[in-house]
Structure formats: structure tokens, C-alpha cells
Participant: 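The structure's right below; bear with me while I get my questions together.
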Amino acid sequence: MPILIMIPDDEVKECRSIFNSINEHNLSDKDTEKALNYLEKFKHWDNLNSEEARDKAFNEKILGDNALMLSNIDEVKEYLSTHISDDPYYWMGNSMVQTTIEKYAQSRYNSEGHQKAMQKIDSMNAEDVKKYLKDLIRNNMKVGIQIIKNN
């Protein structure tokens, strides 16, 4: 689990600096004192120990909307571990991680997700589908362009 996803955004910079210092082999006395002070006032131990909080943070900060297709977080972490050479600590903000997740989610969408979307459309009435499609093309140029190209 990338620990930095568990840290509030306004503390990530400081936390990253502390952990980078701790990981150095020759930690100065000043850096040691700074790290100890930070860890003494650290307020997030309960979240770090909570699987539910870790999974929630992983969904929000790593998966985003892709969580709809990638609901098994342990499976996703295993997949990333076998496809990304960086340690999990470095996953947050890593473009290679995001690209890998996008490809994985796309493969899941192609195999089963599109069927869920089709079922959802089939259960909607015609006016709701029309309204949804109009909202979709208003906010998504790619969809609008596809509609224009096909007419």
C-alpha cells in the first residue's frame, strides 16, 4: 500500500520529506530530530491500521473512477506489483501506474463492464436516455465527435 495516499493532501509534502530522510543511510541528527518530532505528533495511525481506510484511500487517490471496474483492491495491487517496477511507496502520482490502471480497467470494461452499461441503458426510458446522451455530449467532446462522425 502506498503509504502517502493515507496522508491528507496538505501534509504529503512534509511526510514525503520525512520518509525520504528516514530512508537515507546517513541520517543527520537534525533530520532524525525532525522525523521523530513529526512521528510523535502524527495523527493518522488509526487510519494506517484500518484496512477499510486504506482501501478507501486507494480507491480515491489511485483508482478514481476506475474503481467501478476494478473493485478487488488486493487483485489490483497484485496486478500493479507484477507490472510496475517501482515500489508501492512511489505509486501515488506515478504516470506509469495510472497508465497501467487505465489499461487494466479498459480490459475489464471490454470483458464485462460494457454489458452493465448496456443493461443500465436498456432499463432507462427513452426520454431519460436522450437527456443523458445530451448531457454526455455537452461535457465530453470525444463522445460528441463520435456522434457527429457517425451522422
Side-chain angles (χ1 to χ4, degrees), residues 1-121 123-124 131-147:
M1 178 66 68
I3 193 170
L4 292 176
I5 68 170
M6 302 298 298
I7 308 302
D9 292 340
D10 62 338
E11 292 182 39
V12 168
K13 184 177 179 180
E14 180 182 14
C15 187
R16 181 175 287 162
S17 172
I18 296 298
F19 287 141
N20 286 344
S21 294
I22 291 171
N23 288 327
E24 289 182 15
H25 295 291
N26 297 322
L27 192 61
S28 72
D29 290 343
K30 180 181 174 185
D31 287 337
T32 301
E33 185 177 334
K34 184 178 176 183
L36 287 173
N37 286 336
Y38 178 80
L39 293 173
E40 284 174 2
K41 62 182 179 172
F42 190 76
K43 300 174 185 172
H44 311 293
W45 296 116
D46 289 341
N47 281 342
L48 287 172
N49 290 318
S50 166
E51 183 175 0
E52 183 179 321
R54 291 190 309 266
D55 289 351
K56 182 177 186 252
F58 192 85
N59 274 334
E60 291 173 359
K61 293 189 178 181
I62 301 290
L63 296 180
D65 287 342
N66 293 313
L68 291 170
M69 292 296 105
L70 304 173
S71 57
N72 185 328
I73 291 175
D74 289 332
E75 185 179 286
V76 174
K77 289 189 289 188
E78 180 63 30
Y79 184 85
L80 288 173
S81 293
T82 61
H83 288 80
I84 301 292
S85 59
D86 282 345
D87 290 330
Y89 177 78
Y90 300 103
W91 287 356
M92 190 169 100
N94 184 322
S95 63
M96 181 64 93
V97 169
Q98 290 308 306
T99 299
T100 302
I101 287 171
E102 289 288 331
K103 288 179 183 176
Y104 192 31
Q106 182 68 54
S107 73
R108 284 291 174 88
Y109 179 80
N110 292 344
S111 67
E112 59 194 51
H114 71 284
Q115 294 166 345
K116 291 178 184 177
M118 296 288 205
Q119 289 171 348
K120 185 102 174 176
I121 289 171
S123 71
M124 296 170 76
K131 181 186 178 307
Y132 182 78
L133 186 58
K134 285 180 179 181
D135 289 343
L136 188 62
I137 63 171
R138 186 175 296 115
N139 298 314
N140 189 325
M141 182 179 73
K142 289 182 179 187
V143 174
I145 287 172
Q146 288 301 312
I147 289 174

Participant: Rounded at 0.5 Å granularity, tell me how far CZ in Arg54 sits from CG in Leu48.
Facilitator: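 These two atoms lie 8.0 Å from each other.
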Participant: Looking at CD1 of Ile101 and CG of Asp65, how far apart are the two atoms once the value is rounded to the nearest 0.5 Å?
Facilitator: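 If we round to the nearest 0.5 Å, Ile101:CD1 and Asp65:CG are 12.0 Å apart.
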Participant: Within the 4.5 Å heavy-atom criterion, are Asn66 and Met69 side-chain neighbours or not?
Facilitator: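 No. Closest side-chain heavy atoms not under 4.5 Å.
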Participant: So does Tyr89 have more than 12 non-hydrogen atoms from other groups sitting under 6.0 Å from OH?
Facilitator: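 More than 12 within 6.0 Å, yes.
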Participant: Quick one: CZ on Arg138 to CG on Leu133, what's the gap to the nearest 0.5 Å?
Facilitator: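 Between Arg138 CZ and Leu133 CG, I get 10.5 Å after rounding to 0.5 Å.
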Participant: Any side-chain heavy atom of Met92 within less than 4.5 Å of one from Val12?
Facilitator: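 A side-chain contact exists here, since the closest heavy-atom pair is under 4.5 Å.
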Participant: Apply side-chain contact (heavy atoms from CB on, under 4.5 Å) to the pair Lys77 and Trp91, showing each step before the final yes or no.
Facilitator: CA-CA 10 Å; Lys77 289 189 289 188; Trp91 287 356; 4.3 Å; yes
Participant: Between Asp9 and Lys61, is the side-chain contact (heavy atoms from CB on, under 4.5 Å) condition met? List the steps.
Facilitator: CA-CA 10 Å; Asp9 292 340; Lys61 293 189 178 181; 3.2 Å; yes
Participant: Apply side-chain hydrogen bond (donor to acceptor under 3.5 Å, both in side chains) to Asn59 and list each qualifying residue two or more places apart in sequence or on a separate chain.
Facilitator: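 Residues passing side-chain hydrogen bond (donor to acceptor under 3.5 Å, both in side chains) with Asn59: none at all.
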Participant: If you look at every heavy atom in Pro2 and Pro88, which pair is closest and at what distance?
Facilitator: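 Taking every non-hydrogen atom into account, CB-O, 2.9 Å.
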Participant: Show me, pair by pair, the donor-acceptor contacts under 3.5 angstrom made by side chains of residues 104-112, not counting sequence neighbours?
Facilitator:
{"unit_1": "Tyr104", "atom_1": "OH", "unit_2": "Glu75", "atom_2": "OE2", "d": "3.0"}
{"unit_1": "Tyr104", "atom_1": "OH", "unit_2": "Arg108", "atom_2": "NH2", "d": "3.1"}
{"unit_1": "Gln106", "atom_1": "NE2", "unit_2": "Asn110", "atom_2": "OD1", "d": "2.9"}
{"unit_1": "Ser107", "atom_1": "OG", "unit_2": "Tyr104", "atom_2": "O", "d": "2.8"}
{"unit_1": "Arg108", "atom_1": "NH1", "unit_2": "Glu75", "atom_2": "OE2", "d": "3.2"}
{"unit_1": "Arg108", "atom_1": "NH2", "unit_2": "Glu75", "atom_2": "OE2", "d": "2.1"}
{"unit_1": "Asn110", "atom_1": "ND2", "unit_2": "Gln106", "atom_2": "O", "d": "3.4"}
{"unit_1": "Ser111", "atom_1": "OG", "unit_2": "Ser107", "atom_2": "O", "d": "3.3"}
{"unit_1": "Ser111", "atom_1": "OG", "unit_2": "Arg108", "atom_2": "O", "d": "3.1"}

Participant: Distance check, rounded to the nearest 0.5 Å: Ile3 atom CD1 versus Asp87 atom CG?
Facilitator: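 One gets 13.0 Å once the value is rounded to the nearest 0.5 Å.
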Participant: What pairs with Glu60 under salt bridge (charged side-chain N to carboxylate O under 4.0 Å, His left out), at least two apart in sequence or on another chain?
Facilitator: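 Only Lys56 meet the salt bridge (charged side-chain N to carboxylate O under 4.0 Å, His left out) criterion with Glu60.
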Participant: Near Asp135 CG, under 6.0 Å, is it more than 12 heavy atoms from other residues, nucleotides or ligands?
Facilitator: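 Counting other residues, nucleotides and ligands, CG of Asp135 exceeds 12 neighbours.
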Participant: Okay, side chain of Asn140, backbone of Leu136: is any donor-acceptor separation there less than 3.5 Å?
Facilitator: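 Looks like no, no N/O pair under 3.5 Å.
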Participant: Quick check on Lys34: does its NZ atom have over 12 non-hydrogen neighbours (other residues, nucleotides or ligands) under 6.0 Å away?
Facilitator: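 Check fails, neighbour count at 12 or below.
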Participant: Going by atom type alone, with no hydrogens or angles, which donor-acceptor pairs under 3.5 Å involve a side-chain atom of residues 36-46 and a protein atom two or more places apart or on another chain?
Facilitator:
{"unit_1": "Asn37", "atom_1": "ND2", "unit_2": "Glu33", "atom_2": "O", "d": "3.3"}
{"unit_1": "His44", "atom_1": "NE2", "unit_2": "Glu11", "atom_2": "OE1", "d": "3.2"}
{"unit_1": "His44", "atom_1": "NE2", "unit_2": "Glu11", "atom_2": "OE2", "d": "3.2"}

Participant: Got a second to check how far His83's NE2 is from Thr99's OG1, nearest 0.5 Å?
Facilitator: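 Between His83 NE2 and Thr99 OG1, I get 13.0 Å after rounding to 0.5 Å.
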Participant: Tell me every residue that passes side chain to side chain contact (heavy atoms under 4.5 Å, CB included) with Asn26, counting only those two or more places apart in sequence or in another chain.
Facilitator: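 By the side chain to side chain contact (heavy atoms under 4.5 Å, CB included) rule, Asn26 matches no residue at all.
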Participant: Check whether more than 12 heavy atoms from other residues, nucleotides or ligands sit under 6.0 Å from atom CE of Met124, and answer yes or no.
Facilitator: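 Counting other residues, nucleotides and ligands, CE of Met124 exceeds 12 neighbours.
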Participant: What I'd like to find out is whether the side chain of Thr100 reaches to under 4.5 Å of the side chain of Tyr79, using heavy atoms alone.
Facilitator: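 Yes, side chains in contact.
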Participant: Could you walk me through whether Ile62 and Val76 pass side-chain contact (heavy atoms from CB on, under 4.5 Å), step by step?
Facilitator: CA-CA 10 Å; Ile62 301 290; Val76 174; over 6 Å; no
Participant: Cut-off 3.5 Å, no hydrogens considered: what does the side-chain donor-acceptor table look like for residues 14-24, sequence neighbours left out?
Facilitator:
{"unit_1": "Asn20", "atom_1": "ND2", "unit_2": "Arg16", "atom_2": "O", "d": "3.3"}
{"unit_1": "Ser21", "atom_1": "OG", "unit_2": "Ser17", "atom_2": "O", "d": "3.1"}
{"unit_1": "Asn23", "atom_1": "ND2", "unit_2": "Phe19", "atom_2": "O", "d": "3.1"}

Participant: Around atom CG of Asp29, are there more than 12 heavy atoms from other residues, nucleotides or ligands closer than 6.0 Å?
Facilitator: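 Result for CG/Asp29: open.
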Participant: Measuring from Ile147:CD1 to Ile137:CD1, what's the distance to the nearest 0.5 Å?
Facilitator: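 Spacing of CD1 (Ile147) from CD1 (Ile137) equals 5.0 Å.
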